[in-house]
Participant: 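Just passing along the structure, written as structure tokens.
These numbers were taken from a predicted model, which means no experiment stands behind them. Numbers here are sequence positions counted from 1.
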Amino acid sequence: MNKPNILITNDDGINALGIQHLWKALYQQANVTIVAPLSEKSGSGLSMTLTKPLLIQKVRWEDNTPAFKVNNGTPSDCVKLALGKVLEKKPDLIVSGINHGANSGRTPLYSGTVGAVIEGAMRDIPGIAFSCLETEKNAFATAEKYILPIVSYVLKNPLPPGSFLNVNFPSTLEIRGIKMAKQGLGYWLDNPVERTHPEGHSYYWLSCKLAAFTENEESDVALLEQGYITAVPINVNELTDLKHFQAKKELFEESFQNLFRTETIEQAP
């Protein structure tokens with residue numbers, strides 16, 4: 001039986017605990033390659049590095065797993081370098097995480113963990129972003145045993161082109177089950193913390209607090225609170241608000257016709 005080829009990355013850095021648990025869950029059942037940022041890149045989303053050079057270096061990993069750290073690199077950079085320079089062929093799957101903290105609600109828009117799998121999804125490489133609330137000491141160890149079953153499901157039941165799964169683990173160690181969910185509404189709201197520099201001027205840490213909403217009972221936010229693992233299918237191939245497009249296309253175009261109307265000028269005989 002041929003093992004699948006899986007690329008592992010994250011946004012917490014090559015030395016993060018979460019990526020170690022992700023590797024442990026998969027290395028015996030897959031041909032795994034790790035390409036991850038040297039340092040934490042939380043909140044980097046889909047950003048790429050254009051103003052600094054990227055240095056990719058091989059690092060020692062257990063079981064002789066090919067592993068590389070990328071200096072200055074974001075998770076998206078890591079995927080770009082993995083696909084363009086490290087791997088000999090396109091992987092069957094990209095997995096990212098396990099992120100320190102949940103990526104539920106609308107927080108995936110900020111997430112480097114999610115950004116990495118979006119980079120693959122745009123190239124029609126399926127992906128799974130794994131995140132964990134991690135309020136309990138053994139949360140990652142609890143999450144680890146569910147990684148392989150979820151990965152195996154995705155490999156056996158291919159995602160549509162441009163799609164990936166956003167998977168979140170609850171903080172509880174007593175997990176009630178796993179649910180396919182809708183993306184919730186919560187997101188990180190600005191909460192700048194002002195401090196005083198020794199020279200006398202103010203500076204800020206961009207601290208954030210979670211903006212809460214009344215959530216749909218099938219949302220990942222609501223189900224995580226009940227102790228379920230949540231998996232939200234997200235597609236990046238169609239970003240158009242189709243409902244608005246269909247409802248307003250004619251009105252929008254008619255509203256600007258006068259700007260492009262050519263006036264007929266009668267020529268003197």
Participant: Test your reading of the model: is there a side-chain donor-acceptor pair from Arg176 to the backbone of Tyr228, 3.5 Å cut-off?
Facilitator: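 It does not hold such a pair.
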Participant: Please answer whether the main-chain N or O of Asn72 pairs with a side-chain N or O of Thr49 as donor and acceptor at a distance below 3.5 Å.
Facilitator: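 At least one qualifying donor-acceptor pair exists.
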Participant: Measuring from Ile14:CD1 to Gln20:CD, what's the distance to the nearest 0.5 Å?
Facilitator: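 One gets 9.5 Å once the value is rounded to the nearest 0.5 Å.
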Participant: CZ of Phe164 to CD1 of Ile118: how many Å apart, nearest 0.5 Å?
Facilitator: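 Phe164 CZ to Ile118 CD1: 4.5 Å, rounded to 0.5 Å.
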Participant: Under 30°, 30 to 60°, or over 60°: which ring-plane class applies to His100 and Phe140, parallel, tilted or perpendicular?
Facilitator: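 Correct class here is perpendicular.
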Participant: Could you report the tightest heavy-atom contact between Gly162 and Asp124, atom names first, then the distance?
Facilitator: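 Nearest pair, atom of Gly162 first, then Asp124: N-OD1, 3.5 Å.
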Participant: Which distance, rounded to the nearest 0.5 Å, do you find between the NZ of Lys249 and the CG of Leu242?
Facilitator: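 Between Lys249 NZ and Leu242 CG, I get 13.0 Å after rounding to 0.5 Å.
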Participant: Does the side chain of Phe130 reach to within under 4.5 Å of the side chain of Ile147, using non-hydrogen atoms?
Facilitator: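 Yes; the side chains approach each other to less than 4.5 Å.
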Participant: Which atom pair, heavy atoms only, marks the closest approach of Thr9 to Pro37?
Facilitator: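 For Thr9 and Pro37, the tightest heavy-atom pair comes out as OG1-CD, 4.2 Å.
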Participant: Considering all heavy atoms of both residues, which atom of Gly184 and which atom of Asp220 are nearest to each other, and what is their separation?
Facilitator: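 In terms of heavy atoms, the two residues are closest at N-OD1, 2.8 Å.
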Participant: Can you tell me which residue among Ile175, Leu224, Asn168 is in a side-chain contact (heavy atoms from CB on, under 4.5 Å) with Ile229?
Facilitator: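 Between Ile229 and the candidates, side-chain contact (heavy atoms from CB on, under 4.5 Å) is satisfied uniquely by Ile175.
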Participant: If you group Ile, Leu, Val, Met, Phe, Trp and Tyr by side-chain heavy-atom gaps below 4.5 Å, do Leu133 and Val114 land in one group?
Facilitator: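 Different hydrophobic clusters.
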Participant: Starting from Leu148, can I reach Ile8 by hopping between I/L/V/M/F/W/Y residues whose side chains sit under 4.5 Å apart?
Facilitator: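 Yes; Leu148 is reachable from Ile8 via cluster members.
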Participant: Looking at CZ of Phe260 and CD of Glu253, how far apart are the two atoms once the value is rounded to the nearest 0.5 Å?
Facilitator: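 Phe260 CZ to Glu253 CD: 10.5 Å, rounded to 0.5 Å.
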Participant: Search all heavy atoms of Asn99 against all heavy atoms of Asp11 and return the closest pair with its distance.
Facilitator: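 Reported closest heavy-atom pair: OD1-OD1, 2.9 Å.
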Participant: Check Leu22 against Ser96 and note the closest heavy-atom contact, atom names and distance.
Facilitator: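 Minimum heavy-atom contact is CD2-C, 3.9 Å.
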Participant: Test of understanding: clusters of I, L, V, M, F, W, Y form through side-chain heavy atoms closer than 4.5 Å, transitively. Do Val79 and Val32 belong to the same one?
Facilitator: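 Shared cluster, no.
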Participant: Applying the 4.5 Å side-chain criterion to the ILVMFWY set and letting contacts propagate, would Ile19 and Tyr146 be lumped into a single cluster?
Facilitator: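 Linked, Ile19 and Tyr146 end up in one cluster.
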Participant: Look at the side chain of Lys3 and the backbone N and O of Gln28, then say whether any donor-acceptor pair between them is shorter than 3.5 Å.
Facilitator: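 Checked: pair present.
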Participant: Which heavy atom in Gln183 sits nearest to a heavy atom in Ser104, and how many Å separate them?
Facilitator: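 That would be NE2-C, 3.9 Å.
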Participant: Check whether more than 12 heavy atoms from other residues, nucleotides or ligands sit under 6.0 Å from atom CG of Asp63, and answer yes or no.
Facilitator: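 Enclosed.
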Participant: Around Met122, counting heavy atoms of other residues, nucleotides and ligands shown, do more than 12 lie under 6.0 Å from its CE?
Facilitator: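 Enclosed: over 12 neighbouring heavy atoms sit under 6.0 Å from CE of Met122.
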Participant: Can any side-chain N or O of Asp92 pair as donor or acceptor with the backbone N or O of Pro126 at less than 3.5 Å?
Facilitator: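 No, Asp92 side chain to Pro126 backbone: no donor-acceptor pair under 3.5 Å.
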Participant: Pair Glu62, Tyr27 - check side chain to side chain contact (heavy atoms under 4.5 Å, CB included), show working.
Facilitator: CA-CA 10 Å; Glu62 294 180 57; Tyr27 82 97; over 6 Å; no
Participant: Are any non-hydrogen side-chain atoms of Pro91 and Ile6 less than 4.5 angstrom apart?
Facilitator: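 When only atoms from C-beta onward are counted, Ile6 and Pro91 do not touch, as no gap falls below 4.5 Å.
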Participant: Can you tell me how far CG of Leu173 sits from CG of Asn138, rounded to the nearest 0.5 angstrom?
Facilitator: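 One gets 6.0 Å once the value is rounded to the nearest 0.5 Å.
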Participant: Any non-hydrogen side-chain atom of Leu185 less than 4.5 Å from a side-chain atom of Val221?
Facilitator: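 Leu185 does not reach Val221 side chain to side chain.
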Participant: Give me the one residue out of Leu38, Ile56, Val86, Leu55 that meets side-chain contact (heavy atoms from CB on, under 4.5 Å) with Val70.
Facilitator: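 Answer after filtering Leu38, Ile56, Val86, Leu55: Ile56.
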Participant: Any link between Val95 and Ile178 through a network of hydrophobic side chains (Ile, Leu, Val, Met, Phe, Trp, Tyr) touching at under 4.5 Å?
Facilitator: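 Yes, it is one cluster - the side chains of Val95 and Ile178 are joined through contacts under 4.5 Å.
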Participant: Tell me if the CD atom of Glu217 is crowded by more than 12 foreign heavy atoms within 6.0 Å.
Facilitator: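 Result for CD/Glu217: open.
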Participant: Using modelled atom types and a 3.5 Å cut-off, is there a donor and acceptor pairing between side-chain atoms of Thr74 and backbone atoms of Ser47?
Facilitator: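 Present.
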Participant: In Å and rounded to the nearest 0.5 Å, what is the CG to NZ distance from Asp77 to Lys52?
Facilitator: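 Result: 11.0 Å between the selected atoms.
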Participant: State, without any angle test, whether Ser111 and Asn103 hold a side-chain donor-acceptor pair at a distance under 3.5 Å.
Facilitator: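 A donor-acceptor contact under 3.5 Å links the two side chains.
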